[in-house]
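These notes concern the structure reproduced below.
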Amino acid sequence: MKNQELAAIFAQMADVLEIQGANEFRVRSYRKIVRVLEDLPDDVETLAGDGRLEDVPGVGEGTAKKIREYLETGKIEAHQELVSQVRPETLELLNLSGVGPKTVGLLAGKLGVTSIEKLHAALDRGEIGKLPGMGEKKIENIRKALDLYSAARGRALLGWARDLADDIVGELRDRIELTEIEPAGSLRRWRETVGDLDILAVPAPRKGVDGVETARGAVKAFSSLPQFAEVLSAGETKASARTPDGFQVDLRVVPSESFGAALQYFTGSKAHNVRLRSIAQSKGLKLSEYGLFDGDRAIAGTDEEGVYEALGLPWITPELREDRGEIEAALSGKMPDLVTIKDIRCDLQSHSTFSDGSCSITEMAGFARSHGYDYYAVTDHSQSLKIANGMTPDRFLMQMQEIDGLNAKSEGFRILKGIEVDILPDGSLDMPDDVLAKADVVLASIHSNFKQSEEEMTERILKAARSPLVNIIAHPTGRLIVSREGYSVNVGRLIEECAATGTALEINSHQARLDLNDVNARRAMEAGVMLSLGTDAHHPDDFAMMPLGVSVARRAWCAPRHILNTFSCESFLEFCSRKRARR
DNA sequence: GCCGTTTTCGGCCCGACTGTTTTCAGTCG
């Protein structure tokens, strides 16, 4: 879809025009085109092909010509001309929160401030305050925005953001009466990272107090929460605040009759909402965050189910709302039967003091059991991983003995003898075959020589997958979310090999890994590869990250039958021995 | 720059919030 590319181009044109002080209605017209393009259900290429570009509201002769130019040549002359008049460092100033095109135009025009660096200098010289409209607070806000920008805060990890959301929701519930409160946005869709947090709330009606007053009360309670270092704004129905880490949280107080529509709208994704709006459109209805309307009459909006139902759809679980086929599946009544946390009977990757875990097997097992599991796998590292106190063959044999002893004493719960064996640079395994053969389950993974070429790395992992002793390839790409790219492995070829050899792929459920990710996990599932969830627990608390792994499986459209952790202990062991029997 | 049972000029617009103003400009999602 070229829609988003074109939207970005027109947005940049609008920015430059506005910085230059062009006619505001011309700027507004460009902004409208950006909005329309971003939300457009149809592909501009198709529309252009059909000669229907001008039918799109906001697209007139000039814009249609520019769009066609882009589709034909890959660029727009007028855009390049505009951008060439402004230095790229100047456009960067727009990234500062609270600084828009007007301010940038003012700074550049009056003071020659055309970059972040020059802005710092001008602030230090006290020049900014001499400009019209630049008071003390405004300058203070620019200083803060600069600090925040230089800290280059990225998106937060899902697990961290969920804990924060739980804290905030819990605390708000303690302080005020609420009939509804729900975090929306990418957090509700369980995306692996979250940019900011949108919380929707409906305050409980109180006798003798009007709606405006209860909304105000909610905003006030939110603004005074201890989780925040700073309140950015607080009005009648909306407030924004920031945690000490610079993570932004918004509260929106909505009327109960709009709650469902608002929840739907703010949950997104954008692409999913575009599709829903186009369905509404085709039925002659209008969908917004206030409700689903037939003319002026709201026909749904109190709850999400009602909104989807009025559009002729079953309610779609937030994890699937990415426009990756869920609308089609819903329309044809073929929604997947997704795995849930209740289906999970075990954790398939954990560590103990035998390598780099912080607790004994007894302690970890006690916790796994209290978690409601039927079994769990101890999978400590192998010897080459010195930094993690990896096990020699002898120590692994000792560990297996200890586990046998523990199992003999316990009923209704089993500890599996497992290992996370290193895949050495040449693809061989860091433990003799005859020792590995004694284990219940073998995970293999890479912890060294990350820099190998894609060819070498892929061959290295494929070799491990072909070993009849390896049941699961753990954290298959090695990526660490926001902090490390994965090693270059051809995931497509790995999936083929795993399908052919009966090897499972892990969805490592640690919040910093979530590896495989949703897209690759779905490819694997569709290729018939079994998936395995493991929190990589190094401490009992880490078991709590299992819902994150489940969410990846759900975003990958997995049913319980695709996930090894839903198997009984016997069935799981049978899965492992089936591959070994091929030897 | 777009748009028009207000058609070729003259009006367009999203609502909430802050901050610098004294009625409004700028930013943001």
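Naming: A, B, ... by sequence-line order, numbering from 1 per chain.
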| task | Could you check whether A/A239 gets within reach of a base, just the sugar-phosphate, or nothing at all, counting any heavy atom under 4.0 Å? | result | nothing
| If you look at every strand shown and take non-hydrogen atoms under 4.0 Å, does A/L96 touch a base, only sugar-phosphate, or nothing? | sugar-phosphate
| How is A/N141 classified with respect to the nucleic acid when contacts are heavy atoms under 4.0 Å: base, sugar-phosphate, or nothing? | sugar-phosphate
| query | Do A/I67 and A/L47 have side chains that get closer than 4.5 Å, going by heavy atoms? | reply | no
| Base-pairing mate for B/dC3 - Watson-Crick or G-U, with both contacts under 3.5 Å | B/dG10
| Could one point to a donor on the side chain of A/R28 or the base of B/dC12 with an acceptor on the other under 3.5 Å away? | no
Quick one: which protein N/O atoms are closer than 3.5 Å to N/O atoms of nucleotides 3-6 of chain B? Pair and distance per line, please.
unit_1, atom_1, unit_2, atom_2, d
B/dC3, OP1, A/G58, N, 2.8

| A/P132 or A/E18: which one's nearest nucleotide on DNA chain B is closer to the 5' end? | A/P132
| Can you list, by residue number, the residues of residues 70-81 of chain A that have a non-hydrogen atom closer than 4.0 angstrom to DNA chain B? | none
| request: Starting from the 5' end of DNA chain B, give me the residue, A/G100 or A/S233, whose nearest nucleotide shows up first. | output: A/S233
| query | Taking A/R321 for the side chain and A/I316 for the main chain, is one N or O donor matched with an acceptor at less than 3.5 Å? | reply | yes
| request: Output yes when at least one side-chain N/O atom of A/S240 is less than 4.0 Å from OP1 or OP2 of B/dC17, else no. | output: no
| task | Have a look at A/E136 and say if it touches a base, only the backbone sugar-phosphate, or nothing, with a 4.0 Å heavy-atom cut-off. | result | sugar-phosphate
| message | Rounded to whole Å, please give me the gap between CZ in A/R31 and C1' in B/dG15. | response | 17 Å
| message | Does A/F25 reach a base, just sugar-phosphate, or nothing at all? Heavy atoms under 4.0 Å. | response | base
| message | Check whether A/E326 reaches the backbone of A/D323 with its side chain - one donor and one acceptor, N or O, closer than 3.5 Å. | response | yes
| field | A/E485 side chain reached by A/R479 side chain, heavy atoms, under 4.5 Å | value | no
| message | Tell me whether A/E77 at atom CD has more than 12 heavy atoms from other residues, nucleotides or ligands lying less than 6.0 Å away. | response | no
| said: Between A/T317 and A/R554, do the side chains contain a donor N or O and an acceptor N or O under 3.5 Å apart? | reply: yes
| task | Check whether any side-chain heavy atom of A/Y265 lies under 4.5 Å from a side-chain heavy atom of A/Y290, and answer yes or no. | result | no
| query | Should A/T63 be listed as having a side-chain N or O under 4.0 Å from OP1 or OP2 of B/dC2? | reply | yes
| task | Classify the nucleic acid contact of A/R252 as base, sugar-phosphate or nothing, counting any heavy atom under 4.0 Å across all strands shown. | result | sugar-phosphate
